[in-house]
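This report refers to the structure that appears directly beneath it.
Chain A is the first sequence line, chain B the second, and so forth, proteins listed ahead of strands; every chain is numbered from 1.
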2 protein chains.
Amino acid sequence: MPEQSPGSRPTLEAVAARAGVSRATASRVVNGGAGVRQPLVDKVLRAVDELGYVPNHAARTLVTRRTGAVAVIIAEPEIRIFSDPFFSQQIRGISKELTAHDTQLVLLLLEGPGDFGRIARYLAGGHVDGALAFSLHIDDPLPAIIRRSGTPTVYGGRPSWTSAPGDQGVPYVDADNRGGARAAVQYLRDLGRERIAHIAGPPDQTSSTDRLDGYRDVLLDADPSLITEGEFTVDSGARAMRELLDRRPDLDAVFAANDLMASGALRVLRERGISVPGEVALVGFDDMESIAEDTDPPLTTIRQDVEGQGRLMARLLLRGLDKDSAEARSPASVITPTTLVRRASA
Amino acid sequence: MPEQSPGSRPTLEAVAARAGVSRATASRVVNGGAGVRQPLVDKVLRAVDELGYVPNHAARTLVTRRTGAVAVIIAEPEIRIFSDPFFSQQIRGISKELTAHDTQLVLLLLEGPGDFGRIARYLAGGHVDGALAFSLHIDDPLPAIIRRSGTPTVYGGRPSWTSAPGDQGVPYVDADNRGGARAAVQYLRDLGRERIAHIAGPPDQTSSTDRLDGYRDVLLDADPSLITEGEFTVDSGARAMRELLDRRPDLDAVFAANDLMASGALRVLRERGISVPGEVALVGFDDMESIAEDTDPPLTTIRQDVEGQGRLMARLLLRGLDKDSAEARSPASVITPTTLVRRASA
DNA sequence: GTGAAAGCGCTAACAA
DNA sequence: TTGTTAGCGCTTTCAC
């Protein structure tokens, strides 16, 4: 590829001239070459090569009305999940899928409430063809903004305003949280455990409530004293475990809503000299890479394919954007399966 | 803001018509309104408001040749740093600064060697005005690609091909690794420690070598048996500590090249019943949020302002892009200061 | 200070 | 199959 003297890249016009064809034909070739005779295709391609031609994106967007870019929107409370392996995997999946479709990833980080206006303007400005947003908390203003802008969007994680999984017209991708939780609790029960406690996540996230629902699916008559709440962090898991132990010293199993909390719980269990899984069996959720395998004992947990979820989000969006495809404008939501991974903690 | 019937946003033409002015005047107002009489400014602004006008980015880019976007390029080996709080802070800083200048962040993740071509094409395509890339390892092909594309770029971390800090024309932002290391070791020495060991990072990263150089600045005659290498991870820090202890049971202080390794070292020290800082004083580097304060004892360490570095990278790039500013095309590099944070480990 | 007009580089009817 | 032509929506000389 020839070096470019700054500010003067060759245009399609130049390519056409060099190849001895019209701009239209050159354009056709550059865009796949359908319906152009082979000799001409070759000529144009050669010219492209010799000139080091690269299409001007702005000009193309101006006429096609497609930007070839997708926004990934991360709301403020979620910003810390940047340092969450969870999120990084999801992003990676998204990136891979977008890249495979020659689509750019524009990262939109909301730093504070004042940023909503900026996002609204950005989306309204048609800078991107669509957006990917992450599971929001109750009363998050973002969905409204997104909807108003008319930007096709796929959510990651079931949005809290959809009343039930699979519900509504909002497309989203989520793990089968409820089913996974059910499997976890059922597994503990099959082990013969009778007093299975649950450390739930924050009640304003659907991943928490769905997992709690799964727990209840199996333990219809679950004693409320067996249920506590954490914030999906190690420390909150430890605190929850202490609470649980104080209230119900007789418990013989714990299902924690994520691995982080499970590892906190494990710490407390060990501190108190309670054997795992001997006296108390423990199951986590997520199968987080750097956590589940490294605890002592390693965690039995529910695995979900996070990177795959990212890919799926992107794929769903892209498919929805592709007018050729027969799909409706709003692709349906997808619930990805979970699997129980047996390790040593239960 | 009025709802937009999809696909038909108001144009500047419409605004001009409504305000009863020419398109040119409307454009001037939208772009700051310099040299337009107040009454007209008001009229246009009102029209903009009533119509919910948002400029068409593609059209604007086509004529101005500026995209208003900056790429953040993350090379493959660095991808995992996504889950590194370090990186997330840097990104946050970048994002804030870019946002403040109405510039978009396009994330370019390199998934594998095959992606270099894609990046090259992307940069050559003029999709972005500039790029931000992260400290590369030796023989990384990225810099060459970037240079060839002519994309103005600021690096995060001193690139390994600059022979010395402050060297060369490549603009970068980096912490004063060497100075920080010097301060750490000097501090240990002032404490009266005589046999100060060093757990260095991987030798192909300048942050490692610069810190090692700082260590040597103070301990000119450092015995090689006092120096080991880790990979900036907790486990490698633990392993390095064991090695050190086996070789030099007489050591009375350790300077670890980052907090992660320091915490690994701390674990080993505790396992072996060696008191910290009583018998062995320990200093880390980075002052990583979720690490340094939470160890037992909390780490004395060298703090660097990571988010600030991100902001700085963006600011440097933006300034370089701004042709109005008198600055040269390549802004100079910046070395950010470090400070010693005294906690309990030394 | 304001407007008229010329493009920026490309795609997409429409003709040939 | 190929070429001609008309814009996409905006900024920016250049006259007025």
Side-chain angles (χ1 to χ4, degrees), chain A residues 4 6-45 47-48 51-68 102 121 124-127 129 323-324, chain B residues 4 6-45 47-48 51-69 102 124-127 129 323-324:
Chain A
Q4 305 301 346
S8 68
R9 285 177 17 216
T11 70
L12 195 56
E13 184 76 54
V15 172
R18 178 156 195 133
V21 301
S22 73
R23 220 167 55 222
T25 297
S27 173
R28 290 185 188 107
V29 173
V30 168
N31 291 291
V36 178
R37 243 190 289 275
Q38 197 54 42
L40 286 195
V41 171
D42 293 342
K43 267 195 210 166
V44 172
L45 254 25
V48 163
L51 262 31
Y53 169 77
V54 182
N56 180 312
H57 188 212
R60 184 177 276 176
T61 297
L62 185 53
V63 36
T64 61
R65 267 106 215 302
R66 297 191 91 260
T67 64
D102 257 304
R121 238 172 307 130
H127 296 239
D129 299 329
K323 306 199 171 192
D324 295 341
Chain B
Q4 304 302 346
S8 70
R9 287 176 17 217
T11 71
L12 195 55
E13 183 76 53
V15 173
R18 179 155 194 133
V21 301
S22 73
R23 219 163 60 222
T25 296
S27 172
R28 291 188 186 105
V29 172
V30 168
N31 292 289
V36 178
R37 242 190 291 276
Q38 197 54 44
L40 286 196
V41 171
D42 294 342
K43 266 195 211 164
V44 172
L45 255 24
V48 163
L51 260 32
Y53 169 77
V54 182
N56 179 312
H57 186 76
R60 182 177 276 177
T61 296
L62 186 54
V63 34
T64 60
R65 265 104 217 300
R66 298 192 90 261
T67 64
D102 256 303
H127 296 239
D129 299 329
K323 305 200 171 192
D324 296 341

_For atom CZ of R60(B) and atom C1' of dG9(C), their distance in whole Å_ = 18 Å

*asked:* What is the separation between atom CD on E13(A) and atom C1' on dG7(C), rounded to the nearest whole Å?
replied: 13 Å

*Quickly work out the R66(A) CZ to dA12(C) P distance and round it to whole Å.*
11 Å

*What is the distance, rounded to the nearest whole Å, between atom CG of D42(B) and atom P of dT2(C)?*
12 Å

_Students often get this wrong, so: under 4.0 angstrom with heavy atoms, is V30(B) touching a base, only sugar-phosphate, or nothing?_
nothing

*Out of dT11(D), dG9(C), dA12(C), which nucleotide sits closest to the side chain of S27(B)?*
dT11(D)

_Given dT2(D), dG3(C), dT11(D), identify the nucleotide with an atom nearest to the side chain of T25(A)._
dT2(D)

*Closest nucleotide of DNA chain C for H57(A) versus for V21(B): which of these residues is on the 5' side?*
V21(B)

*Picking from dG9(C), dT11(D), dT2(D), which would you name as closest to the side chain of R65(B)?*
dG9(C)

*With nearest nucleotides of DNA chain C determined for N56(A) and A24(B) from heavy-atom distances, which residue corresponds to the more 5′ nucleotide?*
A24(B)

*Out of dG3(D), dG9(C), dT2(C), which nucleotide sits closest to the side chain of L40(B)?*
dT2(C)

*Under 3.5 Å: donor-acceptor pair, side chain of H57(A), backbone of A58(B)*: no

*Shortest side-chain distance from R37(B), nucleotide among dC10(D), dG1(C), dC10(C)*: dG1(C)

*Go through the N and O atoms of the side chain of R23(B) and the base of dT11(D), and report whether any donor-acceptor pair is under 3.5 Å.*
yes

*Which of these nucleotides, dC8(C), dG3(D), dT11(C), is closest to any side-chain atom of L62(B)?*
dC8(C)

*With side chains defined as the heavy atoms from C-beta onward, is the minimum distance between R28(A) and V21(A) less than 4.5 Å?*
no

*Do side-chain atoms of R9(A) reach the backbone of V54(A) as a donor and acceptor pair under 3.5 angstrom?*
yes

_Rounded interatomic separation in angstrom, taking NE2 from H127(B) and C1' from dC10(C)_ = 13 Å

*Could you state the atom-to-atom distance from OH of Y53(A) to C1' of dT11(C) in whole Å?*
11 Å

*Look at S22(A) and dG3(D) and indicate whether a side-chain polar atom (N or O) is within less than 4.0 Å of OP1 or OP2.*
yes

*Of all the nucleotides listed (dT5(D), dC8(D), dA13(C)), which has the minimum atom distance to the side chain of R28(A)?*
dA13(C)

*Gap separating the CZ atom of R37(B) from the OG1 atom of T25(B), nearest 0.5 angstrom*: 10.5 Å

*Side-chain touch V29(A)/L40(A), heavy atoms, less than 4.5 angstrom*: no

